[in-house]
Protein chains: 2
Amino acid sequence: MRKRNRALVIAAARQSGQPSRTEIAKLTGLSHSTISAIASGLIEEGTMREVGQGDAVPLRRGRPQVALSLNPDAASVVCLYLSFNSLSVALVDYRGETIAIRKHRIPTLEMTRDELLDATIAAVRDLAQGQRGFLRIACAVQGITDSAERELLWSPITPLSALPFGPALEDAFGVPSPVQNDCNMMAVALRWLNPERYSDNFIAILLSHGIGMGLMLNGKMFSGTRSSAGEFGHMVHEPGGALCRCGRRGCIEAYAGNYAIWRRASGKGPDEKPVVDIEAGEMEKLAELARREEGPARQAFREAGRAMGYGLGNLFALIDPAPVAIVGQGTAAFDILEPEIRCALAETAGGQHAEAISFETLPSATPLILHGAAMTALTGLDRDVFAPGLRTSRQAEPSPKERSAQFSRMA
Amino acid sequence: MRKRNRALVIAAARQSGQPSRTEIAKLTGLSHSTISAIASGLIEEGTMREVGQGDAVPLRRGRPQVALSLNPDAASVVCLYLSFNSLSVALVDYRGETIAIRKHRIPTLEMTRDELLDATIAAVRDLAQGQRGFLRIACAVQGITDSAERELLWSPITPLSALPFGPALEDAFGVPSPVQNDCNMMAVALRWLNPERYSDNFIAILLSHGIGMGLMLNGKMFSGTRSSAGEFGHMVHEPGGALCRCGRRGCIEAYAGNYAIWRRASGKGPDEKPVVDIEAGEMEKLAELARREEGPARQAFREAGRAMGYGLGNLFALIDPAPVAIVGQGTAAFDILEPEIRCALAETAGGQHAEAISFETLPSATPLILHGAAMTALTGLDRDVFAPGLRTSRQAEPSPKERSAQFSRMA
DNA sequence: TTCTTTTTTTCGAGGCTCGAAAAAATGGGC
DNA sequence: GCCCATTTTTTCGAGCCTCGAAAAAAAGAA
């Protein structure tokens with residue numbers, strides 16, 4: 001009970017930055033006395049800090065509020081993002097501020113299993129050198145991860161499969177190191193950055209060489225039952241259709257991924273093997289061409305939009321319209337895609353209110369993904385370290401407790 | 001806190017029928033003292049009852065366990081199921097045992113708004129006449145309901161829309177009367193009947209004239225954000241394809257619903273307007289024909305299976321394989337459909353482990369739906385009446401509490 | 001009849017939250 | 001410059017709740 005409320009207070013502080021005790025009381029709905037007790041506990045153990053007047057000096061009568069803040073030195077975490085030819089790492093303090101950030105270019109496609117694992121370990125070691133010990137690593141990766149958040153099951157960035165980043169990092173640094181899908185991290189970040197718009201149900205789509213998606217349902221990240229990642233890009237748009245990077249046919253990605261648009265715009269057939277990478281500039285040129293005149297480029301974007309529109313329609317048929325965030329390099333051409341998307345959407349069951357569906361575009365994905373990973377790591381830390389005992393889901397518990405959980409879910 | 005544990009105890013009792021205090025303690029994970037206190041409270045207020053030795057007389061030493069049971073007279077609820085030309089009502093006691101059940105044949109397609117509402121009211125009145133007052137009505141309907149569970153937004157059983165069954169029943173009987181999708185009720189029932197197989201993530205598909213689906217995700221019924229009902233049947237299988245009952249084209253239902261199979265098997269074109277109803281015997285004849293020889297009937301079932309397979313594949317691409325229950329008249333031909341479904345599934349991203357996906361068929365839907373509605377009503381009763389104060393989601397609360405909820409979701 | 005065993009109840013300790021009241025810290029007005 | 005009004009924060013006691021230990025109850029076994 002206390003644990004839950006501690007967690008509540010920490011979450012409130014993390015969200016609002018420098019709240020006073022009174023603000024926390026309002027935010028959490030707990031009484032002033034309770035907040036006072038919890039806050040003094042947190043301060044005493046060094047999790048929180050009083051930081052004087054905060055920013056705004058209120059010119060009101062009465063005892064001034066004293067701003068609280070999570071103690072940046074209470075802990076730090078490392079977050080990293082592994083994508084095609086790129087590895088980003090960041091060190092983040094307990095408040096969520098980035099202390100250091102670094103980006104490495106590595107040839108992921110050609111690297112062996114051990115080279116990939118060692119590269120991530122080296123990147124973390126390099127970043128954290130001389131820093132006080134961090135307590136957790138959050139690893140965001142492009143591709144499908146397992147639901148235990150231990151390894152990368154499959155990824156377009158490497159021909160290898162089942163890469164155990166989680167155990168490797170845990171062995172190297174001795175701290176919990178969950179591995180999660182990059183698009184899920186995007187969704188987590190969006191929720192922190194704009195809780196008004198992105199609250200309990202929304203969709204984050206990453207548009208670049210391939211297509212990924214993160215789904216927030218009922219206020220929780222939805223990761224499937226076994227593996228993670230809603231494979232929106234690999235829903236079938238046309239049974240038996242264009243060749244996809246995944247080897248199957250007719251996937252949405254095989255129409256709307258960069259490689260697909262490029263393939264179509266270059267007049268190549270839908271059976272042509274997808275190319276590995278396309279420069280952002282190249283895509284921009286295609287978009288420019290499509291904006292200027294009728295032709296294969298415009299047609300390519302049209303088909304891309306159509307595939308996405310039907311896919312979204314199918315998604316909405318299942319889960320109902322919700323705010324959509326479109327993230328990544330592909331947003332640069334979203335002005336061309338959007339009319340086609342809406343047009344296809346309107347033809348589907350999910351698109352009944354197609355015009356009401358709201359898209360937001362965010363061009364840069366990496367900062368978002370790192371931020372999501374950081375928040376995931378920090379809330380994990382809160383759960384495990386600063387307010388333990390709450391929801392120890394994966395702990396080996398005696399069956400009574402599990403049963404209890406089952407009943408509480410039913411009730 | 002007490003409220004939560006009371007709810008836990010009630011849920012445990014409802015699930016296991018006649019548990020002793022010791023069993024409840026095991027099941028809920030609470031201590032014996034707590035159970036003792038809660039149980040005596042529940043018994044005193046008449047919610048629970050001691051029922052002596054229960055069924056099995058244990059031939060062990062020691063003080064014998066005394067079996068508890070929910071008091072059947074503590075309350076009763078009415079559940080009803082409105083489907084094409086049919087209205088079923090049942091009166092259920094607080095234990096969940098059916099006291100009375102009745103089925104009416106009504107021409108839903110031709111009835112006016114008021115006739116439909118009055119028919120449901122009359123059916124409830126007729127059933128409950130002379131019985132002690134019931135405390136809740138649960139209304140399962142074929143079609144799309146709103147997320148507030150007030151009305152039937154759209155349904156294949158009537159050309160009318162936005163039928164306010166909830167308010168109408170509440171006005172007539174003065175008790176809460178949520179309206180929910182029939183397939184969701186199926187899913188709820190499956191979870192009660194077979195929690196081993198149907199636990200936190202599974203899919204219930206109703207196969208008959210049309211196609212419906214209920215989705216259990218993360219242990220909760222997933223109903224979209226605005227309306228309810230995962231419209232699996234109206235996901236697009238072939239963009240611009242066969243004409244569907246809903247007026248759109250290419251929906252899964254337009255290939256796999258009874259009317260679609262019948263249309264294809266009779267050699268009619270995919271643009272032919274769907275017929276309103278087909279006798280079960282007629283469908284059985286078609287299935288027989290398809291089993292016997294190559295021809296349009298077999299081809300029709302093939303295409304039906306293919307549409308379902310791709311649809312399931314797309315679904316699994318998003319939410320990962322989970323147990324599937326296939327319910328309703330259409331299961332009679334599932335032996336013909338299954339190979340095709342698996343074959344199409346294997347071509348999709350969601351079908352990577354197609355052979356591992358498990359289907360269970362249950363021919364009769366109505367009892368399942370009524371049972372689900374009954375359980376929904378009873379757990380609603382538990383929440384509102386027998387353990388109030390827990391999660392009063394829709395109550396007008398001061399914003400602090402809502403905020404609090406927001407934070408707790410983030411943490 | 002007495003002993004064992006098992007279930008259920010009782011009792012007291014320890015936590016937790018909350019409301020009310022007190023204490024602290026400031027601006028405003030004279 | 002002093003006192004009052006106002007607002008925030010802390011303190012204190014009441015009231016719940018859960019739990020463990022011990023006691024009581026209710027059988028079978030010897």
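Computed from a prediction, not measured in an experiment: that's the story for all the values here.
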**Request:** Is it possible for you to check whether A:Arg14 lies under 6.0 Å from the centre of the six-membered ring of A:Tyr94, through NZ or CZ, and within 45° of that ring's axis?
**Result:**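 Yes.
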**Request:** Mind calculating the distance between CD (B:Glu50) and C1' (D:dA26) to the nearest angstrom?
**Result:**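 After rounding, the reported distance stands at 13 Å.
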**Asked** In whole Å, what is the span from the CG atom of B:Leu68 to the P atom of C:dT9?
**Response**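 Going from CG in B:Leu68 over to P in C:dT9 covers 9 Å.
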**Request:** Let me know the distance between CD1 of A:Ile35 and P of D:dT11, rounded to the nearest Å.
**Result:**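 Nearest whole value for this atom pair: 15 Å.
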**Item:** Where B:Gly166 and B:Val179 come nearest, the two heavy atoms and their spacing
**Value:**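 The answer is N-CG2, 3.4 Å.
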**Prompt:** Of the nucleotides C:dT8, D:dG20, D:dT8, which one has an atom closest to the side chain of A:Gln65?
**Reply:**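 Out of C:dT8, D:dG20, D:dT8, the nucleotide with an atom closest to A:Gln65's side chain is D:dT8.
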**Prompt:** Within less than 4.0 Å of OP1 or OP2 of D:dT18, is there a side-chain N or O belonging to B:Asn5?
**Reply:**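 Looking at the OP1 and OP2 atoms of D:dT18, one of them is under 4.0 Å from a side-chain N or O of B:Asn5.
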**Request:** Indicate whether OP1 or OP2 belonging to D:dC4 is found under 4.0 Å from a side-chain N or O atom of A:Arg61.
**Result:**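 Negative; the distance criterion is not met.
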**Request:** Identify whether any heavy atom of A:Thr22 sits under 4.0 Å from a base atom; if not, whether one sits that close to sugar-phosphate; answer base, sugar-phosphate or nothing.
**Result:**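 Result for A:Thr22 = sugar-phosphate.
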**Request:** Find which nucleotide of DNA chain D each of A:Gly62 and A:Ser20 is nearest to by heavy atoms, and output the residue with the more 5' nucleotide.
**Result:**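 Between the two, 5'-proximity favours A:Gly62.
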**Prompt:** Rounding to a whole Å, what distance do you find between A:Ile24:CD1 and D:dT8:P?
**Reply:**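 After rounding, the gap between these two atoms is 14 Å.
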**Residue A:Thr34, side-chain atoms from C-beta onward, closest of C:dT9, C:dT17, D:dT18** =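 When the side chain of A:Thr34 is considered, C:dT17 is the closest of C:dT9, C:dT17, D:dT18.
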**Request:** Would you indicate which nucleotide in C:dT17, C:dA25, D:dT9 comes nearest to any side-chain atom of A:Arg2?
**Result:**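 Shortest atom-to-atom distance from the side chain points to C:dT17.
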**Message:** Could you check whether A:Arg191 pairs with A:Asp200 (Lys NZ or Arg NE/NH1/NH2 to Asp/Glu carboxylate O, under 4.0 Å)?
**Reply:**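 Judged by the 4.0 Å cut-off on N to carboxylate O distance, A:Arg191 and A:Asp200 do form a salt bridge.
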**Item:** Whole-Å gap separating P (D:dC17) and NZ (A:Lys3)
**Value:**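 So the NZ-P distance, A:Lys3 to D:dC17, works out to 21 Å.
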**Prompt:** Separation of A:Leu8 atom CG from C:dC18 atom P, in whole Å?
**Reply:**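 From A:Leu8 CG to C:dC18 P: 11 Å.
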**Asked** Where the side chain of B:Ser36 is defined as all heavy atoms beyond and including C-beta, which of D:dT11, C:dT9, C:dT8 is the nearest nucleotide?
**Response**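 Nearest listed nucleotide: C:dT9.
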**Item:** Length of the line joining A:Ile43:CD1 and D:dT10:C1', which is rounded to integer Å
**Value:**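 It works out to 12 Å between those atoms.
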**Request:** Let me know the distance between CE of A:Met1 and C1' of C:dG15, rounded to the nearest Å.
**Result:**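 Result: 11 Å.
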**Asked** Choosing from D:dG28, C:dC11, C:dT8, which nucleotide comes nearest the side chain of B:His32?
**Response**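 From the listed options, C:dT8 comes nearest.
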**Message:** If you only use heavy atoms from C-beta on, which nucleotide in D:dT9, D:dT10, C:dT17 is closest to the side chain of A:Arg63?
**Reply:**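 The closest nucleotide is D:dT9.
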**Item:** By side-chain hydrogen bond (donor to acceptor under 3.5 Å, both in side chains) - contacts of A:Ser69 (at least two apart)
**Value:**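 None.
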**Item:** C:dG19 base / A:Ser31 side chain donor-acceptor hit below 3.5 Å
**Value:**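 Checked by distance alone, the answer is no.
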**Message:** Is there a side-chain contact between B:Leu68 and B:Glu23 in this structure, where contact means two heavy atoms from C-beta onward sitting under 4.5 Å apart?
**Reply:**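 Not in contact.
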